[in-house]
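Down below is the structure, laid out as structure tokens.
Every number for a ligand or one of its atoms is a count from 1 in the order of the listing. Heavy atoms only: backbone and side chains are in, while hydrogens, waters and symmetry mates are out.
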Amino acid sequence: MSYTSEMIDRVVAKNPGEKEFHQAAREVLESLAPVVEANPAYQKMGVLERLTEPDRAVLFRVPWVDDSGKVQVNKGYRVQFNNAIGPYKGGLRLHPSVNLGIIKFLGFEQIFKNSLTGLPIGGGKGGSDFDPKGKSDREVMAFCQSFMTELYKYIGADVDVPAGDIGVGAREIGFLYGQYKRITGLYEGVLTGKGLTYGGSLARTQATGYGLVYFMDEYLRAHGMSFEGKRVVVSGAGNVAIYACEKATQMGAKVVAMCDSTGWVYDEEGIDLAAVKQIKEVERKRIAEYVNYRPKAEYHTDGAIWDVPCDIALPCATQNELHLEHAETLIKNGVVAVGEGANMPSTPEAVHLFQSKGILFAPGKASNAGGVATSALEMSQNSQRLSWTFEEVDQKLHGIMVNIYRNAAAAAEKYGVAGNIVAGANIAGFTKVADAMLAQGVV
Ligand code: NDP
């Protein structure tokens, strides 16, 4: 049995029930086979055994008081996966579906994504099964303060720097930062995604969505295409989806559909992003409201957003939202490229189908790395006590995304899987981390 197959079996046996973590680990390990065969030191030094076991995983109780005076209790998590190339870095997710397996899948992916950015950041992830939906600002603050009262023991500007993810935006980061500062007395860049008045970076809000489109633009151009005149479907209506829609539209595409977890909207004239921002960022309401702004648009709760014919699909909502039958429909309707804005939104069966049919397919760990890259730029600005302009940050982000595409494409070519950006991204991300681990000895 090969070293990588052995490792896949080991991950499944040692982490029972963590199906998302198995899925993410299998995908990475399968594509590393040519690299580990070419470099026997990786096996001798147990690099894959160490890489698939987090440095540590912290689990804690988060008690808080709701508006009726009742005590509520949630689970809190922080998984510090690997810090071979820099302090742990990765978001916090607040969603009822959160469990240890989901946090481990996200933390594992983060190791390779962060390495791909070319910046000195390790991989980690955290969160809670708390559901911010329908909670008052005071309840969200009470939760965030309680969460940080435990989390602060494990993080720091040079140790572990959390950020936002599903359910964690500027409001939550503000409450978390306030509590960290209050407990420790430190004013340091311990979180990213901060507000602009207290150390945040311009363009961080836009970074993941814009970065996705910069990545896809480079990928399309390498194949003689561009966003100009293309029909695009973007799933989700959160931070990543909104700014992917904005940049794709600026690049001449027409985004015709978006969704949230309750339904999807189709607007043949092109999505009115100002309306989506008002509904989602200001009023925190459901996407169903969209038809009140655009009477000709349609709102659906049946079928899937992937039924809408498009040239480019950008899944930006959540993991495993795009299944095999969705991939079949997209291909039947003529899709030419699929770029993941979310983490692992396409199931393995869907990914294989896209690749076997020659669809340009970009895996999230490469194409959504713009968010964490800009978080690392926020860390640089914080440690220098400087603020760069929007244009400066945006330009750096653009350069980083172009490099990620080129490095992933080059790694795929070098290891005999030319054109496979999934394998190329895994290989390019892995090599840097693995070599740092070898250099640092058995730790
Ligand atoms: P948000 O919470 O801002 O938005 C998530 C959006 O997806 C919401 O509109 C949500 O709808 C929708 N959604 C969630 N679950 C489903 C579902 N099952 N079906 C349809 N829609 C759904 O999160 P982000 O935009 O920050 O994150 C989205 C994805 O991008 C995640 O996978 C995240 O890990 C990834 N990501 C985010 C980064 C960032 O910088 N924010 C960086 C890199 C990756 P509803 O409101 O109804 O729940």
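- For the atom pair Phe81 CZ and Lys104 NZ, the distance stands at 6.0 Å (nearest 0.5 Å).
- Listed by atom number, the atoms of ligand 1 under 4.0 Å from Gly167 heavy atoms are 2 (O).
- For Trp64 and Phe147, the distance between ring centers is not under 6.0 angstrom.
- Residue Asn368 approaches ligand 1 through these ligand atoms, each under 4.0 Å from one of its heavy atoms: 43 (C), 44 (C).
- Neither the backbone nor the side chain of His95 comes within contact range of ligand 1; no heavy atom lies under 4.0 Å.
- We find that Lys125 and Asp165 are joined by a salt bridge, their nearest charged nitrogen and carboxylate oxygen being less than 4.0 Å apart.
- For the pair Lys89 and Asp160, the salt-bridge criterion is not met [side-chain N within less than 4.0 Å of a carboxylate O].
- Nearest protein heavy-atom contact of atom 15 (N) of ligand 1 is Thr318 CG2, 3.6 Å.
- Distance from atom 19 (N) of ligand 1 to its nearest protein heavy atom, with residue and atom name: Ser261 CA, 3.9 Å.
- Here the heavy atom of the protein found nearest to atom 39 (C) of ligand 1 is Thr208 OG1, 3.4 Å.
- Less than 4.0 angstrom separates some heavy atom of Arg93 from each of these atoms of ligand 1: 31 (C), 32 (O), 33 (C), 34 (O).
- When only modelled atom types and interatomic distance are considered, Asp55 and Asn82 share no side-chain donor-acceptor pair under 3.5 Å.
- The protein non-hydrogen atom at the shortest distance from atom 25 (O) of ligand 1 is Val240 N, 3.0 Å.
- Closest protein heavy atom to atom 9 (O) of ligand 1: Ala237 N, 3.0 Å.
- Close approach to Asn343 involves these atoms of ligand 1, each under 4.0 Å from a residue heavy atom: 32 (O), 33 (C), 34 (O), 35 (C), 36 (N), 44 (C).
- Note on ring orientation: taking the six-membered ring where Trp is involved, the planes of Phe108 and Phe21 are perpendicular (angle over 60°, cut-offs 30° and 60°).
- A heavy-atom separation below 4.0 Å is found between Arg286 and ligand 1.
- Near Lys133, meaning under 4.0 Å from one of its heavy atoms, ligand 1 places the atoms 45 (P), 46 (O), 47 (O), 48 (O).
- Distance check: Asn333 CG to Thr329 OG1 gives 6.5 Å after rounding to the nearest 0.5 Å.
- With rounding to the nearest 0.5 Å, the separation of NE2 in His398 from CG in Asn403 is 10.5 Å.
- Ranking protein heavy atoms by distance to atom 4 (O) of ligand 1, first place goes to Gly238 CA, 3.2 Å.
- At the shortest separation from atom 30 (O) of ligand 1 among protein heavy atoms lies Ala342 CA, 3.4 Å.
- Taking the six-membered ring where the residue is Trp, Tyr180 and Tyr152 present perpendicular rings, their angle passing 60° and hence far from 30°.
- Every atom of ligand 1 with a heavy atom of Arg204 under 4.0 Å away is listed here by number and element: 40 (O).
- Between Asp165 and ligand 1, an N or O atom pair is found at a separation short of 3.5 Å.
- For the pair Thr208 and Gly341, the tightest heavy-atom approach, listed with the atom from each and the gap, is CG2-O, 4.3 Å.
- Heavy-atom contacts of Cys316 reach the following atoms of ligand 1: 28 (C), 29 (C) (cutoff under 4.0 Å).
- Looking only at protein heavy atoms, the nearest one to atom 12 (C) of ligand 1 is Ala317 CB, 3.9 Å.
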Q) Can you list the steps and then say if Ile421 with Tyr405 is a side chain to side chain contact (heavy atoms under 4.5 Å, CB included)? A) CA-CA 8 Å; Ile421 300 300; Tyr405 170 73; 3.8 Å; yes
